[in-house]
Amino acid sequence: MTTAASTLRADAQIIGLVGVVHGLSHFFQLAMAPLFPFMKDDFGVGYTELGVALALFFTVSGLAQTLAGFVVDRFGARAILVAGLVLYAVGLALLAAAPSYLWLFPAVVLAGLGNSVFHPGDFALLNAKVHERRLGHAFSVHGIAGNLGYAVAPVVVVPLAVAVGWRTALLACAAVAAVAALVVALQPMLHMAPVRRAAAVTRSGGWRSDVRLLASLPIVLGFVFFVLYATVLLAFQSFTVPTLRAYFDMPLAAATTALTAFLVGGAGGMLAGGVIAARTAHHAGVAAAGILAAAIIALLLASGWVPAALAVVGMGLMGFALGCLGPSRDIIIRRIAPDHARGKVYGFVYSGFDIGGLVALPLFGWLLDLAQPALVFVVAAALMLLS
């Protein structure tokens, strides 16, 4: 934990560097999917087979994230972030060089292992290096940077694939990951000494105490919240366009605008949430208010009372509400995580994001296949109310 003498400039540099790293991790996450139309022809497979490979990426990332948190606490965050970027570089390079479909699997396993380190590493660094009064802003920038990484990825990789081929596009991504690893390795401000466990914790059973910590009710509830939150978030990111087209009979352009409104609203909400989190101690109330507001908007959209033209506004407001709770949510996790175990706690609860993705895609895709677009909003609202 930094002292009160921590300067604004030093905090801003740490927040900026961690934000860039987080943005790159999200960029790399979304680098493969937009290239599916090119890859399926080369490998002679369909979207289902490519989707299986991508699902393996998120499965590995989710399963390894808690272990990555243990490694962060043991060896420090900078080393693990460098390792993650190197694994990403190797995985992306193997994807680019894959001679057949089956070669995608070892490549996505390596990339998934690389992806697993960023949340525990980033949050361990921010909590250790940034003054507490600026943590709300730090978590806000962290979330916005991730959203920007998602937004930029298809805009970059698809034109690059058209111009020079999908393999060269992935090689370029691998090169960016390698350069980023070198930059992070050379940043002394990102050095974080491994956390020394308190003597009482060591005496109480070592790793067994860590397992008991992760199985404690507050942290398990935090994990469940992340699963529910991520399920809703990824459902709307993935299925807003077909849902609105089916339920409101929207043209494609209007439904796409609604998705853009949801994503832009989320980024604006994170920015506002950072300001709110820096000025309040009632973070649970902020998180509950945000998720409740989003649930109410979802139910209004499901009711059919909202005209199609206002559905775009509703999606933007829902994105804002879900984004606004993000910084307070991360501060809540910080409060329930002991100093010596923040890497593993953040790794464990954030693995709920990957599980949420695995739940959201088949569940909400099934609802659309049943021709029940209204249930997309109803089920999302139910999950939000439960969270």
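Starting from 1, each residue takes its place in the sequence as its number.
- To the nearest 0.5 Å, atom CD1 of residue I14 and atom NZ of residue K129 are 6.0 Å apart.
- Note on ring orientation: taking the six-membered ring where Trp is involved, the planes of H142 and H22 are parallel (angle under 30°, cut-offs 30° and 60°).
- Counting heavy atoms of neighbouring residues, nucleotides and ligands inside a 6.0 Å radius, atom CG of D41 exceeds 12 of them.
- Taking the six-membered ring where tryptophan is involved, the planes of F223 and F348 are essentially parallel, since the angle between them stays under 30° and well short of 60°.
- With rounding to the nearest 0.5 Å, the separation of CE in M270 from CG in L325 is 8.5 Å.
- Of the possible polar contacts, none joining the R134 side chain to the A12 backbone as a donor-acceptor pair under 3.5 Å is found.
- When all heavy atoms of Q237 and T240 are compared, the pair lying nearest together is N-OG1, 4.5 Å.
- Separation of the F239 and F364 ring centroids does not fall under the 6.0 Å cut-off.
- Using bins of under 30°, 30° to 60° and over 60° for the plane-to-plane angle, the ring pair Y350/Y346 lands in the tilted bin.
- Between F353 and H119, the ring planes lie tilted relative to each other; the angle falls in the 30° to 60° range.
- The closest donor-acceptor contact from the side chain of N115 to the backbone of F57 lies at 3.5 Å or more, if one exists at all.
- Checked against a 6.0 Å centroid threshold, the rings of F123 and F139 count as neighbours.
- Judged by the 6.0 Å distance and 45° axis criteria, R329 is positioned over the aromatic ring of Y229.
- Atom CG of L81 and atom CZ of R78 lie 10.5 Å apart (nearest 0.5 Å).
- The line from CG of L383 to CG of L233 is 12.5 Å long, rounded to the nearest 0.5 Å.
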